[in-house]
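Step one of this worksheet: look at the structure below.
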Amino acid sequence: MTRSGEEAESLMGKNFELGEMSRDEPAIMDSSKLKVNKHVQFIKTGFLVAAFVVAGYCMLTMLYQKLTGGDDHKCGNSHPKVPQYFDPNPELWPGPTATGRAPFLAQESVVPSLGPAPNKSIERLWGHLSPYSPNYEGWGIEEYPLPDGAEITQVHTLHRHGSRYPTVGVNVQGFGAKMAILKGKFTAVGALSFLNDWTYGLGAEIMVPSGRLQLFESGVHRYYQYGHLYVPGTKIIVRSTTQKRMRESVWNFLSGFFGLDWQDKATVGYGIEGFSTTDRWNNSLAGYDNCPNSNTFRNQGGTNATNEWVEIYLQNATTRFNRLMSGLEFSVQDVYAMQTMCPYEFAAYAYSPFCQLFTYEEWEGFEYSIDLYFSGGSAYQSPTGRAVGLAWHQEFLARLEHHTLSFSHSQINTTLDSTTTTFPTNQSLYFDFSHDTNIMSILTSLGFTQFSEPLSATKQAGAHNLTVSHVTPFGARLDIEVLKTPHPVSEGRDVEAEGAETKYIRFKLNERTLPHPRCPLRSDGLCEMETLVKILREEEGKAMFDLACFGEYDAVPHGELRDGHPEA
């Protein structure tokens, strides 16, 4: 503090002492003190009057500016205010704002209905590139309303982003670059004649408009299902990652769930997604980033199996296409890239000339190629299948048990998970946003072994649960409901007269109940929470995280692994 500042502070202290009289102070003062005291009181009264005048002026000015759309340059506001008629939140004249009772469709005693099943469509054969659709086939469990007296008390939603452009480095980008180099050096006829003028025009990584719509519609649907669980006046923590399509996914979802003022009701935490040679970030929503072996030769079984299958099912298409070309000969991998171009262009443009080039049976072969990739790269035929999903598995258990996490024997970010500020443990609604392969690994870590069936790389399997368009299409969602009943509910769905209050868990993957295979078999797929917690604790150790992600072991051929971890 400067010398002049010290003097001013001293004078202010003296004036205060003179101006304030203690109740125990004698009533008689000498005339000099009385004059000083009156002078100080006069100054203080002047300050108060001036303050009231300024405050009143500012209030009237701001009201006038609101009414006229003027600029807020005065009263301490240095930022210009847009005219009132351009302000998205004008505060004045909002109209009636009373809101009604929040819906709670998931709690109502009705059997869920998805409407009529869709006709055969190649859009349902695009694997992870399929636009979102509920799983009409189901997971082997009948859908029932809640048992009498049951109450949904909490929901954990794990959500994939919406339809996007291709990720960097995929085959369609290579095909587009190749065709650009060769343009004018070949001639295509018949069904391929469009290639004479075709140019690659897709972006990379970010969501397309249909993807934003998928997430908005999902938010609306989740609100109708679970809106009653939101506690008015509170702000929930929602989690996503730093990738742009992930951020936009959560924004569109929350706009659908809460409305465009969602920031008043939710705060989004963005976990860093990415890694370099020097830095890796723990992130349960992108668990592969801190599991190095998931990105090396040790985890190539799925890729190898897909390549082997592509060479089989696209032989006829490759021959057919080359008959329509002169000056250029396509390889099987070129044709696979052309087939992959269809869902990407369809997502971006709502149409693609590549889609009509393939038979329905060839599209079934395409879907199976994706199933092989996921099975061997992210699920039970992958050595890192369980490990990549372990961190979210552990976070889910911590939320069920209402505690934070201060350790990391996986990709848990202890900086965020060790405090309820960023890892709340008492919310009734949890929304997390992740990626397809990460969600597949989470299902693997949680022990959903119905997805562990071996898939041959040389012969197309029949009906199987790990059909990726049913599991992780664009906009996929896993809803985990926590139910409370006043007494235990029998397998026959009768509420027993005796017994204490009981909690149950119900998993719903893409709108259909997904039973946990280690829970006692029930027609409704419910599992007692106490039982499930014990099961999930046992499943944790099966990930063999340190070995799976950081250990040295030989890669094994596709199909030899069965439980999502390296051979012991």
Side-chain angles (χ1 to χ4, degrees), residues 101-114 135 138-158 221-232 234 236 393-403 420 424-431 443 446-450 477-540:
R101 175 179 61 86
F104 204 5
L105 189 60
Q107 177 72 39
E108 303 299 326
S109 296
V110 295
V111 177
S113 175
L114 302 178
N135 178 15
W139 305 108
I141 290 291
E142 292 293 328
E143 300 297 331
Y144 292 98
L146 295 180
D148 291 339
E151 176 187 358
I152 297 176
T153 61
Q154 191 179 71
V155 170
H156 304 251
T157 295
L158 179 64
H221 185 259
R222 303 263 89 59
Y223 181 75
Y224 276 106
Q225 291 292 104
Y226 306 116
H228 186 74
L229 292 176
Y230 171 69
V231 180
T234 64
I236 62 173
H393 174 158
Q394 294 170 325
E395 289 177 333
F396 172 58
L397 279 173
R399 287 166 164 176
L400 287 180
E401 297 176 330
H402 306 290
H403 66 79
T420 55
T425 61
N426 62 348
Q427 292 184 174
S428 53
L429 288 169
Y430 289 98
F431 298 131
L443 292 169
L446 292 172
F448 286 98
T449 52
Q450 53 264 65
R477 66 288 311 252
L478 173 68
D479 297 309
I480 310 175
E481 300 172 341
V482 179
L483 287 70
K484 180 177 66 176
T485 59
H487 304 288
V489 178
S490 69
E491 196 280 331
R493 298 181 56 76
D494 295 321
V495 179
E496 299 175 356
E498 297 181 359
E501 178 182 276
T502 307
K503 289 186 177 181
Y504 295 90
I505 300 290
R506 179 167 64 177
F507 293 90
K508 301 188 77 173
L509 179 59
N510 300 327
E511 321 301 334
R512 281 295 183 248
T513 301
L514 177 68
H516 197 287
R518 290 191 57 191
C519 289
L521 180 62
R522 295 175 57 112
S523 60
D524 56 10
L526 296 183
C527 186
E528 284 194 30
M529 190 168 87
E530 184 177 349
T531 299
L532 181 71
V533 168
K534 291 179 181 178
I535 290 171
L536 296 186
R537 289 291 179 209
E538 294 172 1
E539 294 291 325
E540 279 186 80

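Atoms CG and CG, from L443 and L158 in turn, are 7.5 Å apart once rounded to the nearest 0.5 Å. Separation of atoms NZ (K503) and OG1 (T531) is listed at 14.0 Å; rounding is to 0.5 Å. Between I505 atom CD1 and L526 atom CG the span is 9.5 Å, to the nearest 0.5 Å. Once rounded to the nearest 0.5 Å, the distance linking CE of M529 with CG of L536 reads 11.0 Å. To the nearest 0.5 Å, the span separating OG1 on T485 from CG on L146 amounts to 10.5 Å. Residue E143 holds its CD atom at 3.5 Å from OG1 of T513, rounded to the nearest 0.5 Å.
You'll find the side chain of Q450 reaches within 4.5 Å of the side chain of L514, heavy atoms only. Counting heavy atoms from C-beta outward, E539 and L446 have side chains that stay 4.5 Å or more apart. The closest side-chain heavy-atom distance from S523 to E142 is not below 4.5 Å. Considering only heavy atoms from C-beta on, C519 comes within 4.5 Å of L532 through its side chain. For the pair K534 and R537, the minimum side-chain heavy-atom distance is 4.5 Å or more. Looking at I141 and D524, their side chains never come closer than 4.5 Å, going by heavy atoms from C-beta outward.
Take Q427 and apply the side-chain contact (heavy atoms from CB on, under 4.5 Å) test, not counting sequence neighbours, and it matches I236, I237, P424, Y430. When the side-chain contact (heavy atoms from CB on, under 4.5 Å) test is applied to H221, the partners found at least two apart in sequence or on another chain are Q225, E511. Partners of E151 according to the side-chain contact (heavy atoms from CB on, under 4.5 Å) rule, which considers only residues two or more places apart in sequence or in another chain, are Q107, T153, K484.
Classified by interplanar angle (parallel below 30°, tilted 30° to 60°, perpendicular above 60°), the ring pair H516/F448 is tilted.
The two residues R522 and V489 come nearest to each other via the heavy atoms NH1-O, 2.9 Å. For L483 against I152, the heavy-atom pair with the smallest separation is CG-CG1, 4.2 Å. The shortest non-hydrogen separation linking L229 to S428 is O-OG, 2.5 Å. Of all heavy-atom pairs between A500 and T502, the closest is O-OG1, 3.0 Å. Across every non-hydrogen atom of R512 and N135, the tightest pair is CG-O, 3.1 Å. Here the closest heavy-atom approach between residue P486 and residue G149 is recorded as CD-O, 3.3 Å.
Judged purely by atom type and a 3.5 angstrom limit, N510 uses its side chain to pair as donor or acceptor with the backbone of R477. A donor-acceptor contact shorter than 3.5 Å is absent between the side chain of E528 and the backbone of P488.
Residue E401 places its CD atom among more than 12 non-hydrogen atoms of other residues, nucleotides or ligands, all under 6.0 Å distant.
Just one residue in the list K508, R506, Q154 forms a side chain to side chain donor-acceptor pair (under 3.5 Å) with E481, and that residue is R506. Looking at Y226, F396, F431, F507 one by one, the single match for ring pair (Phe, Tyr, Trp, His ring centres under 6.0 Å) with H156 turns out to be F396.
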